[in-house]
Asks: 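Below: one structure in structure tokens.
Keep in mind that the numbers below use all heavy atoms, side chains included, and drop hydrogens, waters and symmetry copies.
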Amino acid sequence: DVTEGADGVKDANYEYTLVVDGASGLKGIVGDAAAADITLTANDAGTVVTGSVGTTSIFTVTLNDSGTVTLALTGNGSIAHDDTTEADELSTVLTAINAHLKVTDNDGDVAEHDRALSFQFEDDGPIIADKGTIATLTVDETFATNGSQDSEDTGVASVTSTYKLADLFDVTEGADGVKDANYEYT
């Protein structure tokens, strides 16, 4: 809340900026690498804060001319979430970015104030649903010598039937991505 004082304040003398105030407390994942600390950096104008792992930006917080703040993921990596059993968990709340307001009145007096903003990232883990119908695997024992494939059928071709398990599941990978090597069937 701004109290203008006797000198009055023009709208043009309200200056909003974004200020980094400490560590993010978040970890990010880029490619196949292990989760690493996300560092926060603000541009010189105080209009963009970037959350990065190394030199790879994971998210941005942007302040536009009207004073609106936007949080956006870059698509270059993801936020690491602690609970691998929960596909829809929220991250630690990020409060290390402040909104800074500087107000100058008509005779040059200045008042400044910071307020912590709050951001949170919701996990988007994989979702698995049924796909197609389950086929019944059937083998034909009629060519075996005694009606079933056993030790008496030496030299007889093996009787098998197969089904590809991937045809049973529809996988929505989520924002973190899934590698083929991480699909496990048991």
Side-chain angles (χ1 to χ4, degrees), residues 2 11-104 110 112-132 164-186:
V2 175
D11 288 337
N13 290 330
Y14 283 68
E15 296 177 37
Y16 293 101
T17 55
L18 298 174
V19 178
V20 174
D21 184 27
S24 74
L26 299 174
K27 292 194 178 291
I29 301 170
V30 177
D32 294 337
D37 290 338
I38 292 178
T39 57
L40 300 174
T41 54
N43 67 352
D44 290 339
T47 56
V48 178
V49 172
T50 304
S52 302
V53 171
T55 59
T56 304
S57 64
I58 305 296
F59 64 87
T60 59
V61 177
T62 306
L63 170 66
N64 70 14
D65 292 339
S66 67
T68 301
V69 174
T70 303
L71 171 64
L73 295 171
T74 64
N76 298 326
S78 60
I79 305 296
H81 292 81
D82 295 333
D83 187 352
T84 59
T85 64
E86 177 60 53
D88 196 26
E89 99 184 91
L90 291 170
S91 70
T92 302
V93 177
L94 170 62
T95 58
I97 300 173
N98 289 344
H100 179 80
L101 174 59
K102 178 180 176 182
V103 178
T104 306
V110 175
E112 297 184 62
H113 187 71
D114 285 358
R115 184 143 189 209
L117 300 175
S118 179
F119 303 96
Q120 201 163 26
F121 299 86
E122 186 172 2
D123 200 1
D124 183 26
I127 298 170
I128 302 173
D130 291 344
K131 177 173 114 178
K164 187 174 180 181
L165 291 180
D167 294 337
L168 297 176
F169 303 101
D170 186 23
V171 177
T172 304
E173 294 185 352
D176 297 331
V178 175
K179 296 180 184 168
D180 290 337
N182 289 335
Y183 284 71
E184 291 182 22
Y185 301 105
T186 55

Asks: Taking side chain to side chain donor-acceptor pair (under 3.5 Å) as the definition, give me every residue that meets it alongside S118, ordered by chain and number, with sequence neighbours left out.
Replies: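 For S118 there are no side chain to side chain donor-acceptor pair (under 3.5 Å) partners, ignoring immediate neighbours.
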
Asks: Considering non-hydrogen atoms only, spot the tightest contact between Y16 and L63 and give its length.
Replies: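 Distance-wise, the nearest heavy atoms are O-CD2, 3.3 Å.
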
Asks: Side-chain contact test, heavy atoms from C-beta onward, threshold under 4.5 Å: evaluate it for K27 versus D37 and give yes or no.
Replies: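 Touching, per the 4.5 Å side-chain cut-off.
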
Asks: Could you grab the distance from atom CD1 of I38 to atom OG1 of T56, nearest 0.5 Å is fine?
Replies: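 Answer for the CD1-OG1 pair, I38 versus T56, is 11.0 Å.
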
Asks: Using atom types as modelled and distance alone, determine if a side-chain donor or acceptor of T74 lies under 3.5 Å from a backbone N or O of I58.
Replies: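 A pair under 3.5 Å: yes.
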
Asks: Do you know the tightest heavy-atom contact between G22 and A96?
Replies: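 Closest heavy-atom pair between G22 and A96: O-CB, 3.7 Å.
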
Asks: Can you tell me how far the NE2 atom of H81 sits from the CD1 atom of I29, to the nearest 0.5 Å?
Replies: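 One finds 9.5 Å between NE2 of H81 and CD1 of I29.
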
Asks: Once side chain to side chain donor-acceptor pair (under 3.5 Å) is applied, do any residues pair with T50, and if so which ones, sequence neighbours excluded?
Replies: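 Applying side chain to side chain donor-acceptor pair (under 3.5 Å) to T50 gives none.
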
Asks: With heavy-atom distances below 4.5 Å as the criterion, would you say the side chains of V49 and F119 are in contact?
Replies: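 The answer is no, as the side chains (C-beta and beyond) never meet within the 4.5 Å cut-off.
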
Asks: Could you go step by step and tell me if L94 and L40 meet the side-chain contact (heavy atoms from CB on, under 4.5 Å) rule?
Replies: CA-CA 11 Å; L94 170 62; L40 300 174; 4.0 Å; yes

Asks: For the residue pair D114 and D21, establish whether any side-chain heavy-atom pair is separated by less than 4.5 Å.
Replies: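 No, too far: nothing below the 4.5 Å cut-off.
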
Asks: Please report the shortest heavy-atom distance between V103 and L101, naming the atom on each side.
Replies: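 Residues V103 and L101, closest heavy atoms: CG2-CG, 3.8 Å.
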
Asks: Could you tell me whether F59 and F121 have their ring centroids closer than 6.0 angstrom?
Replies: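 Yes, they do, as the ring centres are separated by less than 6.0 Å.
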
Asks: State, to 0.1 Å, how close T95 and N98 come at their nearest heavy-atom pair, and which atoms those are.
Replies: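 Closest approach of T95 to N98: O-OD1, 4.3 Å.
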
Asks: Kindly compute the distance separating OG1 (T60) from CG (N43), expressed to the nearest 0.5 Å.
Replies: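 Going from OG1 on T60 over to CG on N43, the span is 10.5 Å.
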
Asks: Are the side chains of N64 and T70 in touch, meaning some heavy atoms are under 4.5 Å apart?
Replies: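 N64 vs T70: side chains apart.
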
Asks: Which heavy atom in N76 sits nearest to a heavy atom in V30, and how many Å separate them?
Replies: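 Heavy atoms of N76 and V30 come nearest at O-CG1, 4.0 Å.
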
Asks: Please name the pair of heavy atoms, one in L71 and one in V61, separated by the smallest distance, quoted to 0.1 Å.
Replies: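 Minimum heavy-atom contact is CD1-CG2, 3.8 Å.
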
